Undergrad: 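Okay, handing you the structure first.
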Amino acid sequence: MHKDFIYLDNAATSWPKPDAVGDAMSDFLRTKAGNPGRGGHYLARQASEVVEAAREKLSKLINAPDTKRVVLTQGCTDSLNLAIHGVVRAAMKCCCPESKIHVVTTAIEHNAVLRTLFCFAGDGLLDLDIVPCDEHGIMEPHAIADACNDRTVLVAVSHASNVLGTIQPIKEIAEAIRACCPDVLFMVDAAQTAGHFEIDVQRDDIDLITIAGHKGLRGPTGTGALYVGPRAFPDSCTNTRLFCERRGGTGSTAPGLEMPKDLPDALEAGTANAVGFAGLIAAMDTLNEATHEHEMTLTKQILDGLVKIQGVRVYGKPTIEGRMPVVLFNIEGYCARDAGALFDKDHHIAVRGGLHCAPELHNAIGTYLDGGVRVSPGSATTAQQIERFIDAVRIIASS
Ligand code: PMP
């Protein structure tokens, strides 16, 4: 790695991870690495304790009403697939063949949501409405509610755009949906926000929430979670609205060929990434409010610096209000991918240039097919590094 390397791609994955993450993972592998939930021996118990501690920590993070409602996954894409396939399959089983189920989502969604829904819509198995956003990538709560009808089973909304960093009014969206369709399942993709913002599934009336462990929570890749609320999966474990197609061992006593009926085992099959969750626990122990404030101060420095450079266009909200530490821009005369490559090659700065897995949003802001350069500072980024980044933009823009 170059001695002056600067990492500004924390929206893709946070880096560097806190030292405690590697230490905890190494300690786990040396002293706790049995198979969690499998067997009652010492090492298996140690591994189980780690996995359950991670569940507990994630449960507190989102104020889940019950820890068992947090299903551990391999990441946010995994959580989204589990939720979307689960809800759609369960709804299709109940609905009469002549009335297709309906799902509402938004133009700001990541491909982890869009492609998963398209796989059903493309096969004619559901009707999909994609509600447009404004030019800053903000959703209007009533526009989402208005798109719902009596066949709607799921509304899927990202908490924050991974392209523009704009934060959505989740509580207002939930209220607008509930006013017209009290039973619809409301899913929030918190890939970009978990670890940055307080998330409260009870206060905001969220039924399903998907979390990545490797972004704002600063844990290792291969970790994530899906919260499953009582509307989707009642305590009685009957009339569940999430049908899991995954099958396999769960470690819990489950005679017979059916999966256990209770959460989380009903949705968790196979050996958990216990070493990853050991790292995630350590990462979450390092989280504090000062980190987000620091990242937002740097984001302001980026916005203030970029607007002064001729030939640079910044997308999304002009200020840091209602924003994540994510900024998208373009430099006149450069395709975003080439600009990204120049930052890497000539300036040793890691940014992401091109499309960012959210084609509908790029369409809405006029950056489809070229995309934009996304810059996202993290907890270890310094003001001096941002100055160097702004200098690099100036050099590229003037050459
Ligand atoms: N949703 C959003 C909004 C994202 O930004 C991402 C990651 N870029 C994902 C989902 C997928 O997350 P993961 O990488 O953990 O699968």
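When reading the values below, keep in mind they use all heavy atoms of this one structure, side chains included, and skip hydrogens, waters and symmetry mates. Both ligands and their constituent atoms are indexed starting at 1 by order of listing. The model shown is predicted, which means the values in this text are computed figures rather than measured ones.
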Undergrad: For atom 4 (C) of ligand 1, what's the nearest protein heavy atom and its distance?
TA: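 Answer, as residue, atom name and distance: His110 CD2, 3.4 Å.
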Undergrad: Taking Asp78 first and then Arg246, would you say they form a salt bridge - that is, a charged N and a carboxylate O separated by under 4.0 Å?
TA: yes
Undergrad: Can Arg178 and Glu175 be counted as an ion pair, charged N to O under 4.0 angstrom?
TA: no
Undergrad: Please list the nearest protein heavy atom to atom 11 (C) of ligand 1 with its residue and the distance rounded to 0.1 Å.
TA: Thr77 OG1, 3.2 Å
Undergrad: To the closest 0.5 Å, what do you measure between CD1 (Ile199) and OH (Tyr227)?
TA: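 Output value for this atom pair is 12.5 Å.
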Undergrad: With a cut-off of 4.0 Å, which atoms of ligand 1 are near a heavy atom of Asn162?
TA: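 Answer, ordered by atom number: 5 (O).
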Undergrad: Can a donor-acceptor pair be found, under 3.5 Å and without considering hydrogens, that links the side chain of Ser398 to the backbone of Arg394?
TA: yes
Undergrad: Is it the side chain, the backbone, both or neither of Asp189 that has a heavy atom closer than 4.0 Å to ligand 1?
TA: side chain
Undergrad: Which residue and atom name correspond to the protein heavy atom nearest atom 12 (O) of ligand 1, and how close is it?
TA: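 The closest heavy atom on the protein side is Cys76 CB, 3.2 Å.
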Undergrad: If you measure from CG on Leu117 to CD on Glu109, what distance do you get to the nearest 0.5 Å?
TA: 8.5 Å
Undergrad: Just need the protein heavy atom nearest to atom 14 (O) of ligand 1, so name the residue and atom and give the distance.
TA: His214 NE2, 3.2 Å
Undergrad: Run the contact test for Lys215 against ligand 1 with a 4.0 Å cut-off on heavy atoms, strictly below, and give the result.
TA: yes
Undergrad: What atoms of ligand 1 come closer than 4.0 angstrom to any heavy atom of Ala212?
TA: 15 (O)
Undergrad: Answer with yes or no whether His356 contacts ligand 1, where contact means a heavy atom under 4.0 Å from a ligand atom.
TA: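 Contact absent.
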Undergrad: Salt-bridged, Arg374 to Asp9, with N to O below 4.0 Å?
TA: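 Salt bridge: yes.
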Undergrad: State, yes or no, whether a side-chain contact exists between Val188 and Ser158 at a heavy-atom distance under 4.5 Å.
TA: no
Undergrad: Compute whether any side-chain donor of one residue and acceptor of the other, for Ser79 and Thr73, lie under 3.5 angstrom apart.
TA: yes
Undergrad: Please list, in number order, the atoms of ligand 1 under 4.0 Å from a heavy atom of Ala191.
TA: 1 (N), 2 (C), 3 (C), 4 (C), 6 (C), 9 (C), 10 (C)
Undergrad: Looking only at protein heavy atoms, which one is nearest to atom 5 (O) of ligand 1, and how far off is it?
TA: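 For this ligand atom, the closest protein heavy atom is Gln192 NE2, 2.8 Å.
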Undergrad: Check whether any N or O atom of Asp78, backbone or side chain, sits under 3.5 Å from an N or O atom of ligand 1, and answer yes or no.
TA: no
